[in-house]
Amino acid sequence: MTDATPALLAYLSRWLDESQGDRDAEAVLWGRVAKVTEEAGEAIAAIIGATGQDPRLNPFVGSTHGYDDVVDGLFDVAMTAVEHMAGAERAGAPT
């Protein structure tokens, strides 16, 4: 991280908040957590695909993802979580 990282994350979080319009703060908070969960699901799909663990596909196509896809998915999870944590207090999360 650099000295600019917290400011960038705060900017991204405000940008996300502004895109929500007049939505209820609790709904925004739920949406933030759901987005992190969605990204985690994509990372899980990538590891299943990279290791050929999908029994419906493995006999036919083998691996559907590479390990780079797993790393990318985990990065998306981490960045989404950090961006959303920065705005959780504004979205109504208790401190």
Side-chain angles (χ1 to χ4, degrees):
M1 281 200 329
T2 69
D3 291 341
T5 302
L8 176 60
L9 292 173
Y11 168 80
L12 289 171
S13 185
R14 280 192 307 276
W15 176 76
L16 288 168
D17 285 345
E18 290 167 3
S19 72
Q20 298 300 310
D22 293 331
R23 287 184 65 208
D24 177 71
E26 187 174 326
V28 171
L29 180 60
W30 273 90
R32 286 174 177 265
V33 174
K35 183 61 179 171
V36 174
T37 305
E38 176 196 10
E39 295 295 346
E42 291 176 11
I44 291 168
I47 191 70
I48 289 170
T51 58
Q53 296 300 310
D54 188 336
R56 295 171 297 145
L57 297 176
N58 194 30
F60 306 107
V61 298
S63 297
T64 58
H65 293 75
Y67 286 98
D68 286 346
D69 297 319
V70 177
V71 172
D72 289 347
L74 291 172
F75 179 77
D76 286 347
V77 171
M79 286 306 300
T80 302
V82 169
E83 289 168 12
H84 292 340
M85 284 178 358
E89 185 176 329
R90 286 191 312 280
T95 56

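Sequence positions, counted from 1, serve as the residue numbers for this chain.
- Across I47 and T51, no two heavy atoms sit closer than the pair O-OG1, 2.8 Å.
- The distance from the NE2 atom of H65 to the CD atom of E42 is 9.0 Å, given to the nearest 0.5 Å.
- I44 contributes atom CD1, which lies 12.0 Å from atom CD of E39 (distance to the nearest 0.5 angstrom).
- For E38, the salt bridge (charged side-chain N to carboxylate O under 4.0 Å, His left out) test picks out K35, with sequence neighbours left out.
- In this structure, R32 contributes its side chain and V36 its backbone to no donor-acceptor pair below 3.5 Å.
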Would you give me the side-chain donor-acceptor pairs under 3.5 Å for residues 66-78, sequence neighbours excluded?
unit_1 : atom_1 : unit_2 : atom_2 : d
D69    : OD2    : G66    : N      : 2.8

